[in-house]
Amino acid sequence: MLETDKVFAGSIPEDYDRYMVPLIFEPYAADIARRAGSLAPTAVLEIAAGTGVVTRALAPKLSPSASYVVTDLNQPMLDYAASRQHPDSRITWWQADALALPFENAAFDLVFCQFGAMFFPDRTAAYREAKRVLKPGGHFLFNVWDRIEENIFADDVTNALARIFPNDPPRFLARTPHGYHDVEVIRSDLERAGFSDVVIETRAEESRASSPRLPALAYCQGTLLRNEIEAREAGKLVAATDYAEAALAERHGGGEVAAKIQAHVILAVT
C-alpha cells in the first residue's frame with residue numbers, strides 16, 4: 001500500500017458516500033450490523049468507520065444504554081459520517097489510529113470494522129490493539145474484500161484503465177481494497193495478535209446500478225483511484241471515467257447493470 005492510499009480528502013468523502021456506499025457497501029453494512037447486533041454489545045468500538053454506513057445501520061439495533069465510539073483515521077471522513085447521523089447521545093466521534101487506539105485496556109465488548117483492515121499498514125499490530133481494548137470474551141468482527149477477480153465492476157474498471165494508461169496502469173483497487181484477501185494470511189495475522197478462536201465466512205452479494213455510468217463514477221471519482229488517475233495525466237479524470245463507463249457498458253449493457261461482489265467476514269473472540 002502506498003502512502004497516498006490513505007488520503008481521503010477533498011470531494012472524495014462525499015463522492016464515496018454518494019456513489020460507492022449504495023453500489024457495494026450497503027449490503028455488507030446490513031450484514032455486519034446484523035451480526036454485531038446479535039451479540040447484544042453494551043460497549044462498542046467501530047474502527048475505520050468511513051462515511052458511517054455501518055454506524056447508521058447499527059445504531060438502531062443497540063440497546064438504549066449502550067455506548068458507541070465511532071472512529072476513523074481520516075477526519076474528513078469522520079466529519080462527513082457525523083453529518084449523516086441522526087443525533088444520538090450514545091455515539092461519540094473520535095479520530096483514532098487503529099494501530100494506537102486511545103482507549104484503556106478491556107474497555108469494549110465489541111470491536112468491529114467494515115472494509116478497513118486492508119488499509120492498516122501493520123495489520124497484526126492493529127489486531128493486537130483491538131484485542132487489548134476488548135474485554136475477556138469480547139468479539140472482534142470485521143470484513144475485507146475478496147480478490148478483485150471476484151468483484152466484477154472493480155476488475156472491469158481496473159482493466160479498462162490499464163488500456164488507457166498502459167505504461168503505468170492505476171492499480172489502487174487491486175493493490176489495496178482487494179489486496180488482503182488470503183484467508184490463511186488473515187487467520188495467521190489474527191493468531192499472531194493473540195486471537196485463537198477465528199471464524200471466516202466468504203459471502204457473495206450483488207452490486208446493482210441504474211446504468212454503467214454509476215460504477216464508473218464510483219470507482220474513478222469516489223475512491224482513491226481518482227488520485228492515481230489525476231497523477232498520471234492532468235485533466236484526464238473525466239476522459240478516464242468515460243472510458244471506464246464505455247467498457248462497463250460493452251460488457252454489461254447500457255441500462256441497469258448488476259455484477260457479483262464478494263468479501264470475507266471474520267469473527268474472532270478474545
Side-chain angles (χ1 to χ4, degrees), residues 1 5-6 20-21 24-39 41 43-58 61-62 68-74 77-78 81 94 96-101 103 107-135 137-147 150-151 176-205 261-270:
M1 185 177 68
D5 288 359
K6 299 182 288 184
M20 292 301 296
V21 165
I24 61 173
F25 291 120
E26 282 182 346
Y28 289 101
D31 174 68
I32 207 167
R34 175 187 59 79
R35 294 171 190 259
S38 71
L39 299 170
V44 180
L45 172 63
E46 181 174 0
I47 298 172
T51 57
V53 59
V54 183
T55 316
R56 297 191 289 274
L58 178 58
K61 300 181 184 300
L62 298 177
Y68 188 179
V69 179
V70 182
T71 71
D72 197 275
L73 179 64
N74 293 276
M77 296 287 269
L78 196 63
W94 202 318
D97 185 344
L99 274 66
L101 294 171
F103 308 112
F108 302 95
D109 48 22
L110 171 64
V111 175
F112 80 91
C113 178
Q114 163 139 300
F115 298 122
M118 308 90 67
F119 294 89
F120 298 160
D122 185 337
R123 297 180 186 105
T124 298
Y127 299 160
R128 195 174 292 118
E129 274 291 271
K131 185 175 185 295
R132 179 184 66 78
V133 302
L134 276 169
K135 299 174 183 177
H139 294 85
F140 180 34
L141 173 66
F142 67 102
N143 53 18
V144 297
W145 293 114
D146 200 351
R147 64 194 187 105
E150 301 290 348
N151 290 269
T176 301
H178 298 281
Y180 184 56
H181 55 78
D182 187 319
V183 295
E184 293 310 314
V185 171
I186 296 167
R187 188 182 301 277
S188 176
D189 288 346
L190 284 162
E191 289 173 350
R192 284 203 305 274
F195 290 97
S196 57
D197 186 355
V198 178
V199 177
I200 301 177
E201 175 187 334
T202 300
R203 183 179 181 90
E205 296 279 1
I261 48 178
Q262 187 160 292
H264 304 305
V265 185
I266 302 97
L267 181 64
V269 183
T270 57

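The analysis underlying the following values was restricted to heavy atoms, covering all of them including side chains, and did not include hydrogens, waters or symmetry mates.
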> Can you name the residues that form a side chain to side chain contact (heavy atoms under 4.5 Å, CB included) with Ala117, not counting sequence neighbours?
Replying inline: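 Side chain to side chain contact (heavy atoms under 4.5 Å, CB included) check on Ala117 returns Phe120, Tyr127, Phe142, Val144, Tyr180.
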> What residues, two or more places apart in sequence or in another chain, satisfy side chain to side chain contact (heavy atoms under 4.5 Å, CB included) together with Thr71?
Replying inline: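 For Thr71 the side chain to side chain contact (heavy atoms under 4.5 Å, CB included) partners, ignoring immediate neighbours, are Leu45, Ile47, Val69, Trp94, Ala96, Phe103.
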Please give me the minimum heavy-atom distance between [X] and [Y], naming the atom from each residue.
{"X": "Pro177", "Y": "Phe119", "answer": "CG-CZ, 4.5 Å"}
{"X": "Pro41", "Y": "Asp109", "answer": "CB-OD1, 3.4 Å"}
{"X": "Val265", "Y": "Arg203", "answer": "CG2-CB, 4.4 Å"}
{"X": "Leu58", "Y": "Gly37", "answer": "CD1-N, 3.9 Å"}
{"X": "Ala29", "Y": "Ala57", "answer": "O-CB, 4.2 Å"}
{"X": "Ala81", "Y": "Gly52", "answer": "CB-N, 3.6 Å"}

List in chain and number order the residues that pass side chain to side chain donor-acceptor pair (under 3.5 Å) with [X], two or more places apart in sequence or in another chain; answer none if no residue qualifies.
{"X": "Tyr68", "value": "Glu46"}
{"X": "Glu191", "value": "none"}
{"X": "Asp146", "value": "Gln262, His264"}
{"X": "Arg34", "value": "Asp31"}

> Which residues satisfy the salt bridge (Lys or Arg N to Asp or Glu O under 4.0 Å) test with Glu129, sequence neighbours excluded?
Replying inline: Arg132
> Can you name the salt bridge (Lys or Arg N to Asp or Glu O under 4.0 Å) partners of Arg147, sequence neighbours left out?
Replying inline: Glu149, Glu150
> Does the pair Thr124 and Arg128 meet the rule for a side chain to side chain donor-acceptor pair (under 3.5 Å), with working shown?
Replying inline: CA-CA 6 Å; Thr124 298; Arg128 195 174 292 118; 5.5 Å; no
>> Test of understanding: with ring-ring contact (aromatic ring centres under 6.0 Å, His included), list the residues that count as partners of Phe195, not counting sequence neighbours.
In response: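 Phe195 satisfies ring-ring contact (aromatic ring centres under 6.0 Å, His included) with Phe140 only.
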> Do Val44 and Phe108 have side-chain heavy atoms sitting under 4.5 Å apart?
Replying inline: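 No, side chains not in contact.
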Strictly distance-based, threshold 3.5 Å: is any side-chain N or O of [X] a donor or acceptor partner for the main-chain N or O of [Y]?
{"X": "Asn74", "Y": "Met77", "result": "no"}
{"X": "Arg123", "Y": "Asp189", "result": "no"}
{"X": "Asp97", "Y": "Leu73", "result": "no"}
{"X": "Asp72", "Y": "Ala49", "result": "yes"}

Can you tell me how far apart [atom1] ([X]) and [atom2] ([Y]) are? Round to the nearest 0.5 Å.
{"X": "Ile32", "Y": "Cys113", "atom1": "CD1", "atom2": "SG", "answer": "7.5 Å"}
{"X": "Leu110", "Y": "Leu134", "atom1": "CG", "atom2": "CG", "answer": "7.5 Å"}
{"X": "Met118", "Y": "Thr176", "atom1": "CE", "atom2": "OG1", "answer": "8.5 Å"}
{"X": "Asn151", "Y": "His181", "atom1": "CG", "atom2": "NE2", "answer": "10.5 Å"}
{"X": "Asp197", "Y": "Leu267", "atom1": "CG", "atom2": "CG", "answer": "7.5 Å"}

>> Applying side chain to side chain contact (heavy atoms under 4.5 Å, CB included) to Leu141 and Ile266, what does each step give before you reach the verdict?
In response: CA-CA 6 Å; Leu141 173 66; Ile266 302 97; over 6 Å; no
> Would you call Glu26-Arg56 a salt bridge at under 4.0 Å N-O?
Replying inline: no
>> In terms of relative ring orientation, are Trp145 and Phe25 parallel, tilted or perpendicular, with 30° and 60° separating the classes?
In response: tilted
>> Would Thr270 and Lys135 count as a side chain to side chain contact (heavy atoms under 4.5 Å, CB included) here? Give the steps.
In response: CA-CA 8 Å; Thr270 57; Lys135 299 174 183 177; over 6 Å; no
